Structure formats: C-alpha cells, structure tokens
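Here's the structure we're looking at; comments come further down.
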Amino acid sequence: MATVLKIQGGFPLNGTIQISGAKNSALPLMVACLLTDQPLTLTNVPNLADIRTTTQLLEILGVVATQGEDTRTLCASHITSTTAPYDLVKTMRASVLVLGPLVARYGIARVSLPGGCALGARAVDVHLEGLRAMGATCDLDEGYIIAKAPNGLHGANFTMRVVSVGATENLMLAASIAKGQTILRNVAREPEIVDLANCLNAMGAKVEGAGTDTITIEGVSALHGATYKVMPDRLETGSYAIAALITGGDVVLKNTSLDYLPMVRETLEKAGAVFEEEVDGFRIYQNGPIQGVDVMTEPYPGFATDLQAPMMALMGICEGASMITETIFENRFMHVPELVRMGANIQVHGASAMVRGVKKLSGAPVMATDIRASIGLVAAGLAAKGDTTISRLYHLDRGYDSLETKLQGCGAIVERIKVDAS
Ligand code: EPZ
C-alpha cells in the first residue's frame, strides 16, 4: 500500500492559514549549533522531514538534540564524528552545510558529495572554492569531500562565481570563527541569509552586510549559545497565496510578511491579485479573472525558483498566456507533464515554458518529483474539476508542515488515503 494525497477540487479556499517557520532558514540555523559548545535553542521550527533529517545528521556528529512542539535545543559540546554519511546527504543536499562549521571548528570534515538531484547537477564547487580561499584543503575520496585545516581557517576575500544560497551560508558559518576578516562578494541576498546572520550575531559573531551582495565577517575565537526565532516561511507563504488565487478564494496568511515577497507580490498583482496588509500577515484575493504574466526566476529579490511550479499551475488557468523562464536550475520543469495530464496547455522550449491558459483543469492521478513540484500539483488539484491523487508524498512532507490541516481549515476537501501500490 502507498499513501497518496486525494484532493476533491473546485472549492475556493476561504479562511486563515498560520504560516510555519522557514525550512530553508531552520536548516542552516540548526547547523550553526556546531560552532559552539553551548546550547543553541531555536523556536518556530517547522515540523518537517528535512528538520528530522538534519537532527539525525547532527546526532550522528554527536550533537545532543532535545525538542519541544516547535523548538529544538542543540548542544555540540561533545562532537564524536566529523563525517556526514552518504545515506543522509543523498536525501537532503542541505547536509553539505555541515562542511564549513566542522572544518572551521575541528580542522577536519568528511562530507559525502551530494551528487545530482531531480533539479539537475547542483555542484558544490563554490562551497569548496570559498573554503580553499580560507586555507582549507578539499579533496575527493571515495565519494566524500575531505576538507582539512589543521591550524584553523583564516579570513579571505572571496567572490562567488555564481550566486549560491548554500555556499553563502556555508562560508558565513565557517568565517564566523576563522582568524581575521572575511569579505564575501556576489553572495545570495535571500531573507534566510539575513536570518542566519542575525542568529550568528546573537551567538557572538560579527557579521555585517547580510541582505546585500557583500558580507563582511570579523572572525571571533568562539561563539556562545543563544535562543533564536526562525523567520516565517516565505515559500510556504507564496505557495498558499497562489493556492488562494487559483481557487478564486479569499485567504488571510498569518505569522508572515509581504516584505519577504517583493517580486512575487508584483507578479501576482499584475495577474490580478489584491493584497491587503494586516497585523502579522496579509489577506489575498483576486480582482477578476487571473491574467497571463511572464515570469523569470532569479536569485532574491527576483521571483523565487521555489515558487515557479505553483505559479505555472496558476498560469495554467489564466486568461491569455505566460512565458515562464527558469534560470536557477537546469531541470526544474518535471511538473510540466503532470500538469499537462490535468489538462494544462504547456510547451517547454529549453529553459522556458509557454503556458496557454485553459478554462478548467481536470483532476487526475499525478506524481510529485520535488518539494515545490508537489505544491504546484496541490494547487492545480485544488482548482481542478474532479479528484486528483498525488503520489510520492515524501517530497511534500519535506517542505509543508500540516498541509492537509491548513487547507482543510480553508474548506478544501483533501485527505491522505492508502492505495494499492501496484
Ligand atoms: C537553496 O538551495 C534552497 N535550499 C533551494 O530550495 C532553492 O531552490 C535554492 O537555494 C535557490 O534559491 C535550501 O535553502 C536548503 P544554490 P541551494 O546553491 O543552496 C548552482 C526547496 O525546494 N551552484 O543557491 O542548494 C546550482 O547548481 C529547495 O526548498 C553551483 O554551480 O541552491 C544552482 O544552479 C530546493 N555551484 C544555482 O547555483 C555551487 O557550488 C543555485 O544553487 C553551488 C550552486
């Protein structure tokens, strides 16, 4: 038997959704515990498979983890291993974030090379180039990156070849306890980078410039413990905003902010969305039929690649047409054939997809291929006529805390059911 998500589509979402803490912020924040022998307590931690995987990885390294409903306390006072094994890294590429902190604090790290994933090759060369600039040697042995810096890391002037969220985080973590000053240029400007800088500073680090393209870090000899609240999940926020629109609904999103979604807001407004700011969140509904708008994914503050799939589902029912161009990942259109199974009219030409709006999508059995493809299919299923069943739910569970409960609270008819796997 396999578990699938069954959605009876065609009902507008109406109600309030509480947004959880950000997965993509919580993961590097958890890893920051490796930089101190004192406890780091994080609050507003989402209940997700990737958080459990990161906890497991940290425990393998010797971190003592305790958890409350949405809190995690992580204490790295007795690290017993500096190896991140393949079995975990292959399920979650963000595991590579332990590389910088481990080599900075212990002088050695052995982290499985992640390999390709559903989104494409996804190299980690920029992570390694940055660590080399800080004095580490990085070699490959039997599928593992072996990073060594027996005398510790030193500060460096480093310009990233490509803007990478993960490399920015890895190098910020490492530089916070390296000797001297590090200047990182052409870095990612995502709000999660700012959240990491704020948490590191709460732990005694000296990080400046996060949120701009240059970050300066004065290394300190040791960090201390802290209690820090994870920022709201802007990708969950954007996903539910799009789900509200695709169903013709009217939804209030709480515990979040429009400030994290500048380009998404601008794009959705062009498509006919109305946003009303509220205390601790905002309301979203539509002002007439959804219009086709062109979208190009870009590093923040551009349109997030992680919202490209739900945006494509929305454009599937627009008036007119939309050209959606993916510039971050080489293989992030795996949801297209699934949306086409639901009646969408989409043609892919290289990195662009031409979406011609249809009047109605129709429910179908579909398969999720990554976290965000999953939510694109959920959005399509909520709008479609008839039943949609989505398989491979483990992708969804990596990124969306309490999805069914949140959607049911807005009137959606959605449930997990067991089906014959054959
Ligand atoms: C982060 O992945 C996010 N993950 C991803 O979210 C997100 O899609 C991505 O940033 C882009 O916004 C987390 O924060 C845990 P990158 P990351 O390094 O850090 C190339 C989700 O659904 N590159 O910014 O792995 C790379 O191949 C996930 O929540 C190199 O060439 O992404 C890609 O084309 C999926 N060399 C581009 O840069 C490197 O050393 C951006 O990747 C590193 C990256």
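Heavy-atom basis, side chains included; hydrogens, waters and symmetry copies ignored. Just so it is clear, the structure is predicted and the values come from calculations on it, not from any experiment. Remember, it's 1-based here, ligands and their atoms both numbered in the order they're listed. This chain uses plain numbering: 1 for the first residue, then up along the sequence.
- You'll find the side chain of Tyr240 reaches within 4.5 Å of the side chain of Leu407, heavy atoms only.
- Under a 3.5 Å cut-off, the side chain of Lys406 and the backbone N or O of Gln18 do form a donor-acceptor pair.
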Could you pull out all donor-acceptor pairs under 3.5 Å where a side-chain atom in residues 192-204 meets a protein atom, sequence neighbours excluded?
unit_1	atom_1	unit_2	atom_2	d
Glu192	OE1	Arg234	NE	3.2
Glu192	OE1	Arg234	NH2	3.0
Glu192	OE2	Arg234	NE	2.8
Asp195	OD1	Tyr228	OH	2.6
Asp195	OD2	Ser25	OG	2.6
Asp195	OD2	Met231	N	3.0
Asn198	ND2	Val194	O	3.4
Asn201	OD1	Val207	N	2.8
Asn201	ND2	Ala197	O	3.4
Asn201	ND2	Val207	O	3.0

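- Distances below 4.0 Å separate heavy atoms of His127 from the following atoms of ligand 1: 40 (O).
- Sequence neighbours left out, the pairs with a member in residues 32-60 that pass salt bridge (Lys or Arg N to Asp or Glu O under 4.0 Å) are Lys23-Asp50, Asp50-Arg398.
- Under the 4.0 angstrom criterion for non-hydrogen atoms, Arg372 is in contact with ligand 1.
- When side chains are defined from C-beta on, Val293 counts as touching Met311, because their heavy atoms get closer than 4.5 Å.
- Heavy atoms of Met92 come nearer than 4.0 angstrom to ligand 1 in no pair at all.
- Close approach of ligand 1 to Val126 is summarised as follows: ligand atoms under 4.0 Å from at least one heavy atom of the residue are 36 (N), 39 (C), 40 (O).
- Looking at Asn255, its side chain does come within 3.5 Å of a backbone N or O of Ile19 through a donor-acceptor pair.
- Neither the backbone nor the side chain of Asp370 has a heavy atom within less than 4.0 Å of ligand 1.
- Of all the atoms in ligand 1, the ones that sit under 4.0 Å from a non-hydrogen atom of Thr305 are 8 (O), 11 (C), 12 (O).
- Counting heavy atoms under 4.0 Å from ligand 1, residue Arg332 touches it through the side chain alone.
- A salt bridge does not link Asp141 with Arg110: every distance from a Lys NZ or Arg NE/NH1/NH2 to an Asp or Glu carboxylate oxygen is 4.0 Å or more.
- Contact record, Pro12 with Gly249: CB-CA, 3.9 Å, taken as the closest heavy-atom pair.
- The shortest side-chain heavy-atom distance between Ile79 and Val63 falls under the 4.5 Å cut-off.
- Close contacts between ligand 1 and Val124 involve ligand atoms 39 (C), 40 (O) [criterion: under 4.0 Å to a heavy atom].
- Annotation: Val165 places an N or O atom under 3.5 Å from an N or O atom of ligand 1; distance criterion only.
- Under a 3.5 Å cut-off, the side chain of Thr247 and the backbone N or O of Leu13 do form a donor-acceptor pair.
- When atom types are taken as modelled, the side chain of Arg132 and the backbone of Cys138 share a donor-acceptor pair closer than 3.5 angstrom.
- For Arg161, the heavy-atom gap to ligand 1 drops under 4.0 angstrom.
- Near Ile328, with a cut-off below 4.0 Å to any heavy atom, the atoms of ligand 1 are 33 (C), 34 (O), 37 (C), 41 (C).
- Numbered from 1 in the order shown, with element, the atoms of ligand 1 that lie under 4.0 Å from a heavy atom of Lys23 read 21 (C), 29 (O).
- Ligand 1 has no atom lying under 4.0 Å from any heavy atom of Arg398.
- Which of Ile375, Leu235, Val96, Asp306 comes nearest to atom 7 (C) of ligand 1 through a heavy atom is settled by distance: it is Asp306.
- Residue contacts with ligand 1 for Glu169 are absent, since no atom lies close enough (heavy atoms, distance under 4.0 Å).
- Close approach to Gly166 involves these atoms of ligand 1, each under 4.0 Å from a residue heavy atom: 18 (O), 19 (O).
- Note: no N/O pair closer than 3.5 Å links Leu27 and ligand 1 by distance alone.
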